[in-house]
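Worksheet: one structure, shown below.
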Amino acid sequence: MIDAVGLTKKFGELTAVDNLTLHVDEGEIFGLLGPNGAGKTTTVRMLCCLISKTAGQASIAGYDVSNEADALKIRKLIGFVPDNVGLYEALSAYDNLDFYGKLYDVSDEKRKENIENLLKMLGLWEKRDVMVGTFSKGMKQKLALARALVHEPQVLFLDEPTANLDPEAAKTVRDFILDLREQKRTVFLNTHNLDEARKLCDRIGILNTSLRGLGSPQELENNVGGRATVIQLERLTDEVLSSLKSLDLDMIVGENKVTIRLTQPEKENPAILDAMFRAGGKIQSATIVGSTLEDAYLKLVRKEAKE
Amino acid sequence: MRLSKSWVIARKDFKTFRRKKNVLYSLLIAPIMISILLSVVLTVKDIPATTLSYLLPALSFLYVILAGVVPTAIASYTVVGEKVEKTLEPLLAAPVTDGEILLGKGISAFLPSILAILGGSVLFMVLSDVVTFKSFGYYFFPNLNTAVTLFLMVPLAILMSVEWNVVVSGRVTDVRVAQQLGGLIVLPFAAIYVLGEINVVPLDVTSNLLIICGILALVDVLLFSIARETFQRDEILTKWK
């Protein structure tokens with residue numbers, strides 16, 4: 001549904017997005033994680049045909065984002081919630097949605113039906129005639145989501161949809177995004193909230209100007225953050241240590257304790273424990289510990305930055 | 001370019017103006033006040049018909065100057081206002097072209113302005129006719145030159161003002177700066193008025209008025225293409241803070 005190959009954006013000398021290659025499947029919730037200034041918003045703006053790319057290719061549903069004629073087709077296919085919700089504060093909630101429904105050529109009947117459904121779903125129906133300027137941040141964010149969905153888009157781009165929201169409003173928005181998965185809509189979510197990305201996204205890309213990692217939250221935690229086996233011994237002898245060193249392992253040695261970083265501890269542990277046992281080690285416990293998405297995120301962002 | 005899309009944008013702007021009283025006031029106050037004031041001036045003393053026949057066309061031309069001033073408040077608001085309220089990004093993400101957005105913004109600034117100015121000029125003509133009927137023995141307004149001024153020159157001047165303001169709005173990020181720079185459009189009209197007063201370009205000669213209209217039409221076409229060129233999505237979204 002969404003494809004980018006070598007997508008690059010430069011502002012003068014500054015490279016905002018460098019050589020980004022990714023693919024998002026239809027019906028997938030894809031999260032783009034990264035620190036402030038990582039290029040997340042620039043990426044979404046390029047994919048939404050809001051700004052031009054400097055190099056590379058990108059397409060939505062096969063339409064080229066850099067082609068003028070395709071850009072209009074793409075804009076009809078997508079819904080977009082920017083980081084600033086961008087609602088008309090002097091207009092009512094209903095008028096805001098009605099305006100966008102008309103711009104997207106939604107028929108009168110369908111528009112009325114969609115607006116009513118969305119406002120009811122998001123708990124804003126009673127406030128439909130109230131000027132948006134009087135709304136709370138949470139209400140505005142919900143209304144911006146409704147605006148992005150009023151024309152029933154196939155793809156939804158959300159830029160930091162829960163930033164600055166109180167926990168209750170953030171949960172409503174997150175639940176609503178999860179409902180979109182049921183409707184088989186493709187969601188491209190920009191966030192720097194790791195917990196949110198973990199809960200919502202099928203796959204995550206970690207961006208810091210260039211793409212640093214890509215995979216499901218589980219894959220990133222396991223493959224990038226890595227896992228480890230912590231082995232507690234009655235006494236850590238030189239013989240046991242020699243046996244471990246002969247296996248060429250990435251390990252941290254503590255007092256009668258060894259922490260060994262492993263990619264697949266379930267497969268590798270038997271050989272390690274066997275070697276320790278043969279060397280006379282008396283093993284009290286062996287525990288597999290996993291890293292978190294935060295570990296993986298920090299490792300990817302920092303590692304590449306140092307390089 | 002689809003006019004229907006531009007009309008949707010313009011109608012949205014009309015709704016916004018109705019809620020923004022300051023925009024409405026800035027639109028209506030000048031034409032009404034000037035119309036009443038000019039008519040009152042004519043009653044101060046008995047002005048001979050020969051002087052009136054020279055004075056009234058000159059006063060009518062003030063509505064062309066007004067046509068440069070009145071759209072400034074609305075036109076500068078329509079683009080910079082959207083930027084300030086951060087509503088431009090979702091609008092640009094909708095399936096509308098730059099030309100359709102600009103045309104919509106043009107319509108939303110043009111229609112209220114022309115209604116306000118024509119309304120004001122009708123008020124001026126009625127009041128002037130009441131005041132000057134004794135001197136002329138007939139109603140001075142309406143006449144051919146006034147028709148050319150109000151129905152040809154004023155719309156072209158409003159269009160020029162709207163386009164100039166859209167160009168300015170696309171380059172600045174503050175509504176007040178946009179309005180100040182936008183207001184500069186009044187200078188060429190003021191210059192024409194002065195040229196008329198010193199009899200270099202008499203404004204009671206129909207052919208002179210038509211030549212001015214022709215020049216305005218050319219400038220309008222030029223400004224529209226400049227407005228389209230200067231409306232750069234990349235710059236609007238990335239440089240405007």
Side-chain angles (χ1 to χ4, degrees), chain A residues 9-12 14 16 41-42 44-54 68-92 94-96 98-106 131-133 140 143-144 147-148 150-151 153 156-157 159, chain B residues 1-24 74 77-105 107-108 173 175 228 231-241:
Chain A
K9 179 68 184 179
K10 290 184 179 181
F11 297 106
L14 177 80
T41 297
T42 302
V44 163
R45 283 175 170 175
M46 284 191 283
L47 294 174
C48 292
C49 314
L50 285 166
I51 58 172
S52 59
K53 60 185 172 57
T54 307
E68 188 92 9
D70 281 4
L72 277 181
K73 290 174 188 159
I74 289 172
R75 289 190 199 126
K76 280 197 113 172
L77 284 176
I78 64 169
F80 174 49
V81 179
D83 53 352
N84 291 300
V85 288
L87 295 159
Y88 294 103
E89 303 221 334
L91 299 183
S92 68
Y94 194 97
D95 284 344
N96 266 277
D98 193 50
F99 168 60
Y100 275 94
K102 284 175 182 166
L103 278 188
Y104 282 92
D105 291 324
V106 184
M131 266 171 50
V132 173
K140 285 179 185 173
L143 188 62
R147 179 191 60 200
V150 75
H151 59 293
L156 197 63
F157 287 92
D159 197 358
Chain B
M1 191 146 55
R2 296 155 301 177
L3 188 64
S4 60
K5 300 280 181 184
S6 304
W7 184 241
V8 169
I9 293 168
R11 282 183 62 187
K12 184 271 297 171
D13 281 346
F14 295 151
K15 267 188 185 168
T16 309
F17 298 155
R18 284 208 298 271
R19 302 259 164 80
K20 290 192 176 284
K21 301 292 180 208
N22 56 335
V23 175
L24 269 185
I74 299 184
Y77 171 80
T78 55
V79 179
V80 179
E82 292 249 14
K83 178 257 152 192
V84 170
E85 292 178 2
K86 302 189 189 305
T87 50
L88 205 52
E89 193 169 2
L91 179 63
L92 292 174
V96 281
T97 63
D98 294 351
E100 286 159 0
I101 292 174
L102 288 176
L103 183 63
K105 295 291 168 194
I107 294 170
S108 63
T173 60
V175 176
R228 279 187 78 158
F231 193 81
Q232 296 290 335
R233 286 167 184 248
D234 275 40
E235 284 197 20
I236 288 169
L237 290 174
T238 56
K239 291 191 178 169
W240 285 13
K241 297 292 175 201

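A note on names: the letters A, B, ... follow the listed sequences, proteins ahead of strands, and every chain is numbered from 1.
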- Query: For A:Asn96, is it the side chain, the backbone, both, or neither that has a heavy atom closer than 4.5 Å to a heavy atom of chain B?
  - Reply: neither
- Task: Measure across A:Pro82 and B:Glu89 and return the closest heavy-atom pair with its distance rounded to 0.1 Å.
- Result: CB-OE1, 3.7 Å
- Query: Is B:Lys12 paired with A:Asp95 through a side-chain N to carboxylate O contact shorter than 4.0 Å?
  - Reply: no
- Measure A:Phe157 against the heavy atoms of chain B and call it side chain, backbone, both or neither at under 4.5 Å. neither
- Message: I'd like to know if the side chain of A:Tyr100 and the backbone of B:Leu91 have a donor-acceptor N/O pair within less than 3.5 Å.
- Response: yes
- Check whether A:Val85 gets within reach of chain B through its side chain, its backbone, both or neither, counting any heavy atom under 4.5 Å. backbone
- Note on the structure: Nearest heavy-atom contact between A:Tyr104 and B:Pro95 is CE2-CD, 3.2 Å
- Message: Quick check for you: to the nearest 0.5 Å, what is the distance between B:Lys86 atom NZ and A:Asp83 atom CG?
- Response: 9.0 Å
- Item | Among B:Val8, B:Thr87, B:Leu92, B:Thr97, residue most engaged with chain A (heavy-atom pairs, under 4.5 Å) | B:Thr87
- Task: Name the region of A:Leu87, side chain, backbone, both or neither, that has any atom closer than 4.5 Å to a heavy atom of chain B.
- Result: backbone
- Query: Given that the side chain runs from C-beta out, which part of B:Arg2 has a heavy atom under 4.5 Å from chain A: side chain, backbone, both or neither?
  - Reply: side chain
- Query: In Å, rounded to the nearest 0.5 Å, how long is the span from OG1 of B:Thr16 to CZ of A:Phe99?
  - Reply: 8.5 Å
- Value rounded to 0.5 Å, distance of CZ in B:Arg18 from CG in A:Leu91: 9.5 Å
- Query: Do the non-hydrogen side-chain atoms of B:Lys5 and A:Asp105 ever get within less than 4.5 Å of each other?
  - Reply: yes
- Those residues at least two apart in sequence (or on a different chain) that pass salt bridge (charged side-chain N to carboxylate O under 4.0 Å, His left out) with B:Arg19 are none
